[in-house]
Amino acid sequence: TAAPKYANIVASIIRIAIKIPASEKNRFNQRIKQITQQELAQIVIMIQENCSDGFKELGGNRCQIVIDNIDAMSFKKIN
């Protein structure tokens with residue numbers, strides 16, 4: 001069936017087209033510094049499940065949230 005195939009393409013284009021404003025990224029960055037470990041763990045899980053490009057394992061029990069790699073829909077869920 002061709003319709004679902006095109007629907008996925010359109011959804012991908014919409015995700016790419018919606019940019020997250022720098023002010024929202026900065027606000028998120030500040031918020032991350034003030035939340036509990038449990039809240040941070042929930043955010044990491046959401047990023048891993050919804051937008052794996054937004055998460056990097058660095059080794060040595062360290063990780064990085066890459067805000068620029070999180071699509072707008074996923075960002076809205078975690079913010």
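Hydrophobic clustering places Leu40 together with Phe75 (ILVMFWY residues linked when any side-chain heavy atoms are closer than 4.5 Å, directly or through intermediates). Under a hydrophobic-cluster definition in which Ile, Leu, Val, Met, Phe, Trp and Tyr are linked whenever side-chain heavy atoms come within less than 4.5 Å, directly or via other members, Val66 and Met46 are assigned to different clusters. Phe55 is connected to Ile35 through a chain of hydrophobic side-chain contacts under 4.5 Å among Ile, Leu, Val, Met, Phe, Trp and Tyr, so both are in one cluster. Grouping the Ile, Leu, Val, Met, Phe, Trp and Tyr side chains by contacts below 4.5 angstrom, directly or via other members, places Ile32 with Ile70.
With rounding to the nearest 0.5 Å, the separation of CG in Asp71 from NZ in Lys77 is 8.5 Å. Distance NZ/Lys25 to CG/Asn79: 12.0 Å, rounded to 0.5 Å. Atom CG of Asn26 sits about 8.0 Å away from atom CD1 of Ile67, to the nearest 0.5 Å.
Looking at Ile65 and Ile78, their side chains never come closer than 4.5 Å, going by heavy atoms from C-beta outward.
Between the side chain of Asn50 and the backbone N or O of Ser74 there is no donor-acceptor pair closer than 3.5 Å. The backbone N or O of Pro21 lies less than 3.5 Å from no partner atom in the side chain of Glu24, so there is not a single donor-acceptor pair.
The number of heavy-atom neighbours closer than 6.0 Å to CD of Glu57, taken from other residues, nucleotides and ligands shown, is 12 or below.
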Stepwise side chain to side chain contact (heavy atoms under 4.5 Å, CB included) test for Ile43 and Arg31: CA-CA 12 Å; Ile43 288 172; Arg31 183 175 154 254; 4.1 Å; yes
